[in-house]
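Data block below; observations after.
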Amino acid sequence: MSLKEALQKKSPYVYLLPEGTVQGQKVPVYFYLSERLLELLEEDAIRQAANAATLPGVVKAIYVMPDVHVGYGFPVGGVMATDTKEGIISPGSIGYDINCGVRLIATSLTADKVYPVREKLMQEILRNVPAGVGSTGKLKLSKKELAEVLVKGARWAVERGFGFEEDLQHIESEGALPGADPSKVSNTAYERGSGELGTVGSGNHFVEIQVVDEIYDEEISETLGLYEGQVTIMVHSGSRGLGHQVCVDYLKVAKDSLAKYGISLPDMQLACMPFSSPEGQSYFGAMKAAANYAFANRQILGYLTADTVRRFFGLSWEDLGYRLIYDLAHNIGKVEKHRVNGKVMELVVHRKGATRAFPPFHGEVPPAYRSIGQPVLIPGDVGRYSFLLVGQERSMEMSFGSACHGAGRLMSRSKAKELVRREGLEKVLEGLVVVAKGKGTIAEEIPQAYKDVSEVVRVVHELGIAKLVARMRPLGTLKG
DNA sequence: ATGTTC
C-alpha cells in the first residue's frame, strides 16, 4: 500500500498519516490540502514528512502546508518542532536558502501613473538592482564588516543608509536574530558572501512592482494602509551563497557526528545533531548569522528598488510614501514557546517553505498590527498574483503558528524550458513585463511551471490558519 | 536555492 492510500481524511482540507505508519514514526503527520492539491501530492513528499517524524525529540506532529513538494530530506512546505533538551536540529529541514523570505513595501503611487511607463521603469530597476546567479552588488565587504552584518542584520543596512529606523519594527524578529555567531561561519561562506549583499539571486527570487488588485478584508487593509489601485514593491530573496554554504558545511558536520550521538536515520539527507550539543549550537549560531545576512539583503534590495522608483518619478521619499508593511522568513529554525498537550514547551520550530503566522495579540506581532495579527506574505511566481494574509488563532494549535509560503513547482525546470523552446518565450509570457540578466532563469520560472497559488492560500484561509486580506497583481518583474 | 554536476 502506498503512503498516499494510508492518508485518512479527517475533515475538509485535513489529511492524517497516523503515527506508526512508517517504521519508527513517533508522531502523526497532518497534511493541509484541497482535493485538487491532494492529487498533486507526491508519494516522496509524504515519505519525507514521515521520515522526519522518526527523528529524536520530535514533538506533537509534523505539519505539511498545501504548497508542499519534495525537498532535500524534508519536504518544502513542512513544519517540524523538536524539544530543545531532548531533540535534534536538522539543517536539511530548514533548507539550503536560510531565511529565504519576502518583503512588502507600500507606496503612495497608483497604478494609473505606473502602468503606462512600466517597461521603462523595469529597465531602470534592471540597471540598479543586481540579479542573477553569482551576481555581485556595489558592496564588497571585508571579513570584519561582514561579521557585523551577520550580527546586526537589517539594522546594519539601515545604519549604512539603506532604509529607515522605523523599518526595523516591521521585520520578523526586528531583522536580527539574537545569538547569531559569526565565528561559526566558515571562511568559504564569508568569501561567497562578501560581494553578494544587496543582490536578488536566481530561481524563484524576484523584485516586483505590483498593484493592489483586490481587497478581501476592508478593515484590516485599512489598518495596514492598503487600498485598491495602490502600487507596492515586493522582494523575494534570501541569504545567497553564504546561507547555502552554511547549510553545506553543517550537513557535513551533522553526518560526521551521527555515530557519536547514536542517531540512526531513514534518510541521510535528514542528517542532524542534538540541539544542545556543541555541533547543534554551532549550526544554530551560524544559521542565525546567515538569517541576519538575508534580512540585511532584503533591506538593501527594498531600499534600492524604492529609491529607483522614487528617482524615476522625481519624488521625495515623503511623496513616494515608502512604508515597509512587513518582512518575513519562510526557511528558518527558531526557538519558540508553544503549548503542547496543555503544557508550554520550548521548541526548535523548523519551517521549510513555511511562513510564521502568529495570531492577533501574540507578543511577537509588531504594535501597529497587534490587533490584526502578523502579516503573512505569499509571493506569486512570475506573472501570478501575490497575497497578503494575517495570522489567525488556529495556527497555534494546527501548525506551531505557521502558514504556507507560495505556490510550489508543478513542472520540472527542464520541462519548463522545453515548453519555452516549443512555444517561444513571448507567447508563454503573454504580455507580462519581465526583465532579467539572462534568458535562462525566466524559461525555468514561467507561470505554467507552478501550481496555482490562489488555491494554496484558499486552504490556509478556510482552515483558519491565516486570513486573506489583499491580492497584488504584478506590473513588472525583475528576475535573475 | 546554489560560484546551477565543488
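Here is the naming used below: chain letters follow the sequence lines, and residue numbers restart at 1 for every chain.
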Only counting residues at least two apart or in another chain, list the ones meeting salt bridge (Lys or Arg N to Asp or Glu O under 4.0 Å) with A:Lys260. A:Glu279

So, do A:Tyr190 and A:Gln245 sit near enough that their side-chain heavy atoms are less than 4.5 Å apart? no

NA contact type, A:Thr441, heavy-atom cut-off 4.0 Å: base, sugar-phosphate, or nothing? nothing

Whole-Å gap separating P (B:dT4) and CD (A:Gln245): 12 Å

Taking OH from A:Tyr96 and P from B:dT5, how many angstroms apart are they, rounded to a whole number? 12 Å

Contact class for A:Glu196 vs. all strands (heavy atom < 4.0 Å): base, sugar-phosphate, or nothing? sugar-phosphate

Output the rounded distance in Å from OH (A:Tyr72) to C1' (B:dT4). 16 Å

Give a yes or no on whether A:Lys143 atom NZ has more than 12 heavy-atom contacts from other residues, nucleotides or ligands under 6.0 Å away. yes

For atom NZ of A:Lys479 and atom P of B:dT4, their distance in whole Å: 18 Å

When rounded to whole Å, the CG to P distance for the pair A:Asn187 and B:dC6 reads 21 Å

Give one of base, sugar-phosphate or nothing for A:Gly241, where a contact means two heavy atoms less than 4.0 Å apart. sugar-phosphate

d(NZ, A:Lys252; P, B:dC6) in whole Å: 18 Å

When the nearest nucleotide of DNA chain B is assigned to A:Gly132 and to A:Gly203 on a heavy-atom basis, which residue is associated with the more 5' position? A:Gly203

Give A:Ser239 one of three labels, base, sugar-phosphate or nothing, depending on what nucleic acid heavy atoms sit under 4.0 Å from its own. nothing

Mind checking what makes ring pair (Phe, Tyr, Trp, His ring centres under 6.0 Å) contact with A:Tyr322, not counting sequence neighbours? A:Phe164, A:Trp317

In terms of the angle between their ring planes, are A:His236 and A:His330 parallel, tilted or perpendicular, with boundaries placed at 30° and 60°? perpendicular

Atom CD of A:Glu444 and atom C1' of B:dT4: how far apart are they, to the nearest Å? 8 Å

May I ask you to evaluate whether A:Arg413 reaches the phosphate of B:dT4, defined as a side-chain N or O under 4.0 Å from OP1 or OP2? no

Rounded to whole angstrom units, what separation is found between the CG atom of A:Asn331 and the C1' atom of B:dT2? 13 Å

